[in-house]
Undergrad: 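The structure follows.
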Amino acid sequence: MSRIIVVTSGKGGVGKTTTSAAVSMGLALKGHRTAVIDFDVGLRNLDLIMGCERRVVYDFVNVINGEASLNQALIKDKRCDKLFVLPASQTRDKDALSIEGVGKVLNELSKEFDYIVCDSPAGIERGATLAMYFADDAIVVTNPEVSSVRDSDRMLGILASKSRRAEQGDEPIKEYLLLTRYSPQRVKLGEMLSLEDVQEILSLHLLGVIPESKAVLNASNAGTPVILDEKSDAGQAYSDVVRRYLGEGVPHRFIDEEKKGLFGRLFGG
Amino acid sequence: MGLLDYFRSSRQSSASIAKERLQILVAHERSERNKPDYLPMLQREILEVIRKYVNVDQDAITVTMEQDDKREILELNIILPEENERKKPKRV
């Protein structure tokens, strides 16, 4: 039986696709058969972050409409043979995704895969609500910033009421907080909400903190999930996230500022 | 605490302002979240019925829905005007 994970946030630009790419690659590297699906119909981007944009032939909507088989549309990752990408369609038809269609595809995928990662689009339109509808787990990606925290809270409300689990009265979706673009320096200066502040407001189980990092842009430039950049802080933070998700007790890192010399301490910069 | 922090502490940090604003907003939005969609319509229709008999203001009526584990309470609050303004003027 496979586990369906939705990566969601409400607000755009907080790191959903970066997270979907990193987490799915991380799960696959751990030996789990993993599929990652782009739900952002019309604004496909996961393929670009995964570096497989030139190998897209068929997409999610083609599969739903029966124009291609799932095996034709799934793109096997070149770096890890356990990982497959299902790209979004570039159609402008807003009704391209249907609950029945998505359910059918997920059902078919769950026969072959251990984990299915659903990369949600921003907003609360159909793509976003369908990405979360069938989920077992939700990774709520949040930046330490007012609009992102507010939108995350709103998504929690939708997760709790408009999912299959909610409608069928099953055990609710497991919700995890992933705090991204975190800058301990700015937190210390009182310029950024701290992890504790965000936790106090959202009261979610913390999956991890991803520090603000140059590695993320470098990785997306290259089409390489940042988790493969093992030397980088963000890459390591995502590796921790995957291990924690899989049940390992990994202490949180990148929450506190790195040690500074005497000068730095004196001026508290 | 460094020297600069000492001077900074006199002013409230922007992060603590953000936190306060969020706490208020999120609490409010959570209380709104559980309300059924029909509440505004219900409020409008009740107001129409009441206005057939008594002159009340548009904002004289509030409908709130509260929930705890065991029950849901629909609370209807109507503020009636002063005695002399109460009678609906007779239609011509």
Side-chain angles (χ1 to χ4, degrees), chain A residues 10-11 124 140 142-163 166 172 175 177 179 181-204 212 255-257 259-269, chain B residues 1-49 58-78:
Chain A
K11 190 176 181 297
I124 51 172
V140 181
T142 307
N143 288 170
E145 179 270 326
V146 284
S147 52
S148 175
V149 175
R150 178 201 209 171
D151 288 359
S152 290
D153 190 67
R154 189 137 165 68
M155 294 321 276
L156 293 175
I158 298 174
L159 281 167
S161 61
K162 302 232 166 86
S163 65
E175 300 157 341
L177 172 67
L179 196 58
R181 307 200 66 167
Y182 195 68
S183 167
Q185 293 82 7
R186 301 201 71 185
V187 170
K188 201 178 170 212
L189 287 172
E191 295 175 352
M192 183 181 268
L193 288 165
S194 68
L195 167 63
E196 291 76 21
D197 293 341
V198 178
Q199 283 278 71
E200 205 179 312
I201 293 162
L202 295 178
S203 38
L204 277 179
E212 172 76 53
I255 292 171
D256 295 313
E257 209 177 359
K259 293 267 182 295
K260 281 188 300 191
L262 177 69
F263 185 83
R265 264 185 282 145
L266 185 62
F267 291 97
Chain B
M1 189 187 261
L3 276 176
L4 287 179
D5 293 294
Y6 177 76
F7 294 108
R8 274 193 208 103
S9 61
S10 57
R11 198 164 37 105
Q12 197 182 12
S13 74
S14 71
S16 64
I17 297 170
K19 187 183 178 187
E20 277 176 33
R21 292 173 63 215
L22 268 173
Q23 279 174 323
I24 295 165
L25 181 69
V26 165
H28 175 73
E29 289 186 340
R30 278 182 193 160
S31 68
E32 295 278 303
R33 191 180 291 167
N34 299 322
K35 287 181 182 172
D37 303 338
Y38 58 74
L39 275 189
M41 190 69 145
L42 179 83
Q43 180 162 343
R44 219 173 306 134
E45 287 184 21
I46 290 173
L47 188 68
E48 272 171 36
V49 173
Q58 198 77 35
D59 52 2
I61 175 170
T62 51
V63 182
T64 55
M65 188 90 165
E66 275 179 42
Q67 239 175 335
D68 58 33
D69 295 340
K70 286 185 187 139
R71 64 200 158 190
E72 289 176 47
I73 304 165
L74 181 69
E75 194 181 282
L76 191 63
N77 203 339
I78 305 156

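It should be emphasised that the depicted structure is a prediction, and the values quoted were computed from it without experimental measurement. Naming: A, B, ... by sequence-line order, numbering from 1 per chain.
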Undergrad: Between Asp197(A) and Leu22(B), does a side-chain contact (heavy atoms from CB on, under 4.5 Å) hold up when you go through it step by step?
TA: CA-CA 10 Å; Asp197(A) 293 341; Leu22(B) 268 173; over 6 Å; no
Undergrad: Over all heavy atoms of both residues, which pair between Gly190(A) and Ser13(B) is shortest? Give the atoms and the distance, please.
TA: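 The pair with the smallest heavy-atom distance is O-CB, 3.3 Å.
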Undergrad: Check Asp153(A) against Arg30(B) and note the closest heavy-atom contact, atom names and distance.
TA: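 Nearest heavy atoms, Asp153(A) then Arg30(B): OD1-NH2, 2.5 Å.
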Undergrad: Compare every heavy atom of Gln23(B) with every heavy atom of Ile201(A), then report the nearest pair and how far apart it is.
TA: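 Scanning both residues, the minimum pair turns out to be CG1-CG, 3.8 Å.
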Undergrad: If I compare all heavy atoms of Leu193(A) with all of Ala15(B), which pair ends up nearest, and what's the gap?
TA: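 For Leu193(A) versus Ala15(B), the nearest heavy atoms are CD2-O, 3.5 Å.
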